[in-house]
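Single-structure report; data block below.
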Amino acid sequence: MTEIRTRFAPSPTGYIHVGNIRAALFPWLLAKQKNGTFILRIEDTDQARFVEGATDLIVESLGWLGIEWNEGYLVGGEHGPYIQSERTETYLLWAQKLIKKGLAYADPYTSAEVEVFRDAAKKAKKPFLYRDNRPANPPVWDGTQPLRLKVANPKRFTWQDPVMGELSAGPEALDDFILVKSDGLPTYNFAHIVDDAEMGVTHVIRGLEYISSIPKYLSLYEALELEVPVLACLPHIMAPDGKKKLGKRDGAKSVSEYHEQGILPEAMLNFLASMGWNDGTEQEIFTREELIEKFSLDRVQRSGARFDEQRLLWMNGTWIRSLSLDDLFSRCNNYFPKSADSADETYKKAVLGLVQERLKFLAELPELTSFFFEEPDANLSLITDNKQLKKLETSELKTLLQAVHSSLNDCDFTAESVQASLNALLESTGQKPGVLFSLVRVATTWAPFSPNLAESLAVLGKETSLARIEKASQIL
RNA sequence: GGUCUCAUCGUCUAACGGUUAGGACACCAGGUUUUCAUCCUGGCAAUCGGAGUUCGAUUCUCCGUGAGAUCACCA
């Protein structure tokens, strides 16, 4: 059996957004599953769109998700270099082969002249094909003109896509496209085919936007006499609101933005994979090992899927809850509120333990926990708007708080003993839990919602809890 | 417009041609001595339309319709 070799070949034109990261995920899963090789290749033949630092961003995003490559950019390999701008000699070699065979020729026209052809075709209501205007006697290519493929016999191509099934397109889809630009650099159309062949790529997996160009690639493979790898197209991820392909213009977030928000890489991987793929069972949560084990191209969905952030958040929440406290804590370094900087680790862990089950993403840690680390500002509307507390007179509230204070004063402040004291107060004051517990909660946290009361007080400690209750009874 | 592709709850999806069309997210209601969350229970909700093949069609075929992609010296 031949080794499976897949690749991700991004262009360094900006950040990687969540709409196109699957073009890395799926080929990586396949390579991992088959003990094959996953290659990272940088496609930087468009100088105009090159963005400084974009490559680092790509590397960082892949690294965060744990999509590691064992050949290619930075790690090297037998088929390098893995940056297209460093491979121009190779492309020129292949271009010369085509010229010798009479299958490539210099384009003598300026882009303005080509534009005239295009307009003429439009006026005649015919689709524009460059090959209809092919020059009879093209000049010798000197490298300053674009080099075009000569499609010798336009025909219908039929091919097998593991995701989409049998695909075909007629000769109208074929044209004399540009192989080498007048700047001497190859086009994507040319370079990626040469590279995939030289690098021994067996499965080309990419977004659906390439599907219309595949007949062109097929004609080039034929001209180059190269074996055609498996060509698979992945359906688009659509914008959450619209029905368009998710792109940066529709506000597609970068992978690193989700990283910063505190989405777990496990959740992101799980979510991305389960958009457009499932194993046929009712399983929703997959570990990365399970994904590697179970993934298959023929179970990839054929239609586009909308990016549903709520579902991502749900999935992230379940992943957060599945982590051990220590593991979760190790990931929260940059997410605790500023006021927690001076707090000790044991305390921070205890706080984290209280909110673990309600955390949907790490960046919401401050709003959930700040009152554990700093004195909260009193917000009396929490009492006046509370459907239980607003029924009581201020004096009654004060009396209650004083009762709580003195009762808790005799308590050793484990969660159990705090609960026991509060329960006893329910008896002695004759108040309903809805009143008493809400009051204590507000007085100690001044937050619209907070974790389990007894546990919160236990973590807060006797001194702080009593001081806050005391202070609250003065403010009222 | 040409070419190509797709089509099941609001969303993500399952269903050898035979199921009361299943699950999950979201939403709604109830329960877990207070809030938010978790957890549990229940509820709402779908096969784009029309022909054909078949005893039987979400599934196969055709025609519509809708949606998307692509038609660059971008990838």
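Everything numeric here is computed off the predicted structure, so don't read it as measured data. Just so it is clear: chains get the letters A, B, ... in the order the sequence lines come, proteins before strands, and each one is counted from 1.
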Rounded distance (Å) that lies between atom [atom2] of [N] and atom [atom1] of [X]:
X      : N      : atom1 : atom2 : answer
A:F286 : B:rA24 : CZ    : P     : 14 Å
A:D119 : B:rG1  : CG    : C1'   : 15 Å
A:L401 : B:rU34 : CG    : C1'   : 15 Å
A:D279 : B:rG22 : CG    : P     : 19 Å
A:D308 : B:rC9  : CG    : P     : 14 Å
A:D298 : B:rC16 : CG    : P     : 14 Å
A:R306 : B:rA26 : CZ    : P     : 18 Å
A:M238 : B:rU13 : CE    : C1'   : 16 Å

Categorize [X] for me: base, sugar-phosphate, or nothing, with a 4.0 angstrom heavy-atom threshold over every strand shown.
X      : answer
A:L436 : nothing
A:Q310 : sugar-phosphate
A:S168 : sugar-phosphate
A:G170 : sugar-phosphate
A:M315 : nothing
A:S303 : sugar-phosphate

Check: Do we see a donor-acceptor contact under 3.5 Å between the side chains of A:E309 and A:Y258?
Finding: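 Result is yes, a qualifying pair exists.
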Next item on the list: Say whether A:E364 and A:Q261, considering side chains only, have a donor N or O and an acceptor N or O under 3.5 Å apart.
Entry: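 No, because no side-chain N or O of A:E364 sits under 3.5 Å from a partner of the opposite role on A:Q261.
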When you measure from the centre of the six-membered ring of [Y], is the NZ or CZ of [X] under 6.0 Å away and within 45° of the axis?
X      : Y      : result
A:R118 : A:F128 : yes
A:K348 : A:F336 : yes
A:R41  : A:F8   : no

Item checked: Nearest-nucleotide 5' precedence on RNA chain B, A:A305 against A:E282 ->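 It is A:A305 whose nearest nucleotide is closer to the 5' end.
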Check: With a 3.5 Å cut-off and just heavy-atom distances, do the side chain of A:N423 and the base of B:rU33 make a donor-acceptor pair?
Finding: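 It does, because a donor-acceptor pair links the side chain of A:N423 to the base of B:rU33 below 3.5 Å.
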Checklist line | Check: B:rU35 base within 3.5 Å donor-acceptor of A:R441 side chain | finding: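 Counting by modelled atom types and ignoring angles, a donor-acceptor contact under 3.5 Å is found here.
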Would you tell me if any nitrogen or oxygen in the side chain of [X] comes within less than 4.0 Å of OP1 or OP2 on [N]?
X      : N      : value
A:Q301 : B:rA14 : yes
A:R311 : B:rU13 : no
A:K360 : B:rU38 : yes
A:N278 : B:rA14 : yes
A:R299 : B:rA15 : yes

Next item on the list: Using the C1' atom as the reference point in each nucleotide, state the distance between B:rU65 and B:rC55 in Å, no decimals.
Entry: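 Going atom to atom, C1' in each nucleotide, I get 31 Å.
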Which listed nucleotide ([options]) is nearest to the side chain of [X]?
X      : options                : result
A:R156 : B:rC4, B:rU38, B:rU34  : B:rC4
A:L426 : B:rA14, B:rU33, B:rU38 : B:rU33
A:F449 : B:rU35, B:rG68, B:rU38 : B:rU35

Check: Side chains of A:R288 and A:E293: does their closest heavy-atom pair fall under 4.5 Å?
Finding: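 No, side chains not in contact.
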Watson-Crick or G-U counterpart of [N], or none if no pair lies under 3.5 Å:
N      : value
B:rG17 : none
B:rG49 : B:rC63
B:rU33 : none
B:rA24 : B:rU11
B:rU70 : B:rG2

Check: Do A:F117 and A:Y109 have their ring centres less than 6.0 Å from each other?
Finding: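 Between A:Y109 and A:F117, which both carry aromatic rings, the centre distance is below 6.0 Å.
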Check: Using the ring of each side chain (for Trp, its six-membered ring), is A:F307 parallel, tilted or perpendicular to A:F271, with breaks at 30° and 60°?
Finding: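 The arrangement is perpendicular - the two ring planes meet at more than 60°.
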Next item on the list: For each nucleotide in nucleotides 70-75 of chain B, reading 5' to 3', give B when a protein heavy atom comes within less than 4.0 Å of its base, S when such contact involves only the sugar-phosphate, and - otherwise.
Entry: S-SBBB
Notebook entry, point to check: At what distance, to the nearest 0.5 angstrom, does CD1 of A:I285 lie from CD of A:E290?
Noted result: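 It comes to 10.0 Å.
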